[in-house]
Protein chains: 2
Amino acid sequence: MSTSDRLIESAQDLLWERGYVGTSPKAIQQRAGAGQGSMYHHFTGKADLALAAIRRSAAEMRAAAEEQLSAPGSATDRISAYLRRERDVLRGCPIGRLSQDPDIVADAHLRQPVDDTFAWLRGRLAEILTDGQARGEFDHALDPDDTAATIVAVLQGGYVLARAADSADHFDTAIRGLLGLLGRAGGSAR
Amino acid sequence: MSTSDRLIESAQDLLWERGYVGTSPKAIQQRAGAGQGSMYHHFTGKADLALAAIRRSAAEMRAAAEEQLSAPGSATDRISAYLRRERDVLRGCPIGRLSQDPDIVADAHLRQPVDDTFAWLRGRLAEILTDGQARGEFDHALDPDDTAATIVAVLQGGYVLARAADSADHFDTAIRGLLGLLGRAGGSAR
DNA sequence: GTCTATATAGTGATAGAC
DNA sequence: GTCTATCACTATATAGAC
């Protein structure tokens, strides 16, 4: 792996763990086993390296989600599989956590991949919910866009609850509650 | 207002805006109009002052929630009023944002008020949901504890979505989706 | 491309005068 | 109780040798 790649990967890890404000260029270099000069040769500075790291994390998160969302099965199956898939809950969401970082939100370039990722995810879930309505899995009164946003919010909020309590159970509890509500929003097929 | 109070209030503001990692003692002192010596006279250090600030923010959040949650009306009315009440969405949740801070989560003392606040809120909502079931507003198959966690998660996740998109609309969308799901979980009274 | 040296500012705290 | 001085350390770079 190239030095540039190692720097990006180290930045991904540290941004996930400590956020942008809590991560220093020096810490990234040390984890990557690279010197100062090396980092400033490949990137213009902290923000530039962070942008590369955020873009890569966003792409990885999208790919991971698509794995469950594009699987065969009913809409309910796919959404349920996505919600229940194995996660490192107490580490939080590598993308969602960035939305709490003041320097990320303040910089349009750094915020963009975060924004894009959630827009994509909401859109993807809305498609699946619409598909589910067509198949009679869900009530037609259910608004796909609103419900998609709710699903993503439960995931992101589930991480918050779990980390606040230092217990992954709280994530699972919130997901269970959501699946209970979705199950009761059945359509004509039930 | 005493110097100690001004320091706590400044710390509350800065913790809300920039988190624990992103807030320096110096910045707190300047916002409070106090010198170094003053801060270290009243508090043993940054963590001690932050703890006082977090406790105060937690108490304020609880009081604000209780205002809607203890209002007269049906369970649905009270939950809906709480979810739809005016919020400074783009600033995020002063307590929830702390769950993303590595130094808060790593320190049991600093995490405690955050944990307590969410535990209280989930418990309070579960009570109201149980009450709603008794009144026939909600299906008895709905698990109050799970659903309460889901409601809190939608709120916390709503902040994440709004900040990621720099638009409060995304918070409202997630809430609307949740109210749609809750409305479809009606019990015998519907 | 990578290294070391150096620079400027900020961090988190202590010391001691007033 | 509050102030200023000082401290060791870190943050985020730039410069220039190799």
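Values reported hereafter were calculated over all heavy atoms of this structure, with side chains retained and with hydrogens, waters and symmetry mates removed. In what follows, chains carry the letters A, B, and so on, assigned in the order in which the sequence lines appear, proteins first and then strands, with residues in each chain numbered from 1.
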Would you mind reading off the distance between [X] atom [atom1] and [N] atom [atom2], rounded to a whole angstrom?
{"X": "L49(B)", "N": "dG12(C)", "atom1": "CG", "atom2": "P", "result": "12 Å"}
{"X": "F43(B)", "N": "dG1(D)", "atom1": "CZ", "atom2": "P", "result": "12 Å"}
{"X": "D48(B)", "N": "dA13(C)", "atom1": "CG", "atom2": "P", "result": "10 Å"}
{"X": "Q29(A)", "N": "dG1(C)", "atom1": "CD", "atom2": "P", "result": "18 Å"}
{"X": "H41(B)", "N": "dT4(D)", "atom1": "NE2", "atom2": "P", "result": "17 Å"}
{"X": "M39(B)", "N": "dT4(D)", "atom1": "CE", "atom2": "C1'", "result": "16 Å"}
{"X": "L14(B)", "N": "dG10(C)", "atom1": "CG", "atom2": "P", "result": "16 Å"}
{"X": "K26(B)", "N": "dC3(D)", "atom1": "NZ", "atom2": "P", "result": "15 Å"}

- Task: Look at the side-chain N and O atoms of K46(B) and state whether any lies under 4.0 Å from the OP1 or OP2 oxygen of dG12(C).
- Result: yes
- Query: Below 4.0 angstrom from OP1 or OP2 of dG1(D), is there any side-chain N or O of T3(B)?
  - Reply: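 No, outside the criterion.
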- Message: Here's one to test your reading of the geometry: is the NZ or CZ of K46(B) within 45 degrees of the ring axis of Y20(B) and under 6.0 Å from its centre?
- Response: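 Judged by the rule, K46(B) and Y20(B) form a cation-pi pair.
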- Message: Measuring only between side-chain heavy atoms, which start at C-beta, is V105(B) closer than 4.5 Å to Q100(B)?
- Response: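 Answer no - side chains too far apart.
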Between [options], which nucleotide gets closest to the side-chain atoms of [X]?
{"X": "Y40(B)", "options": "dA13(D), dT2(D), dG12(C)", "answer": "dG12(C)"}
{"X": "Q36(B)", "options": "dA13(C), dA11(D), dG1(C)", "answer": "dA13(C)"}
{"X": "S38(B)", "options": "dA5(D), dT12(D), dT2(D)", "answer": "dT2(D)"}
{"X": "H42(B)", "options": "dA13(D), dG1(D), dG12(C)", "answer": "dG1(D)"}

- Task: Could you tell me whether the side chains of Y159(B) and R97(B) share a donor-acceptor contact shorter than 3.5 Å?
- Result: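 There is no such pair (donor and acceptor under 3.5 Å, judged by atom type) between the side chains of Y159(B) and R97(B).
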- Query: Do you see a donor-acceptor pair shorter than 3.5 Å between the side chains of R122(B) and H170(A)?
  - Reply: yes
- Is D103(A) salt-bridged to R18(B), going by a charged N under 4.0 Å from an acidic O? yes
- In terms of the nearest nucleotide of DNA chain D, which residue is placed more toward the 5' end: G37(A) or S24(A)? S24(A)
- Message: Heavy atoms only, 4.0 Å cut-off, all strands: where does T44(B) land among base, sugar-phosphate and nothing?
- Response: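 Touches nothing.
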- Task: Give S4(A) one of three labels, base, sugar-phosphate or nothing, depending on what nucleic acid heavy atoms sit under 4.0 Å from its own.
- Result: nothing
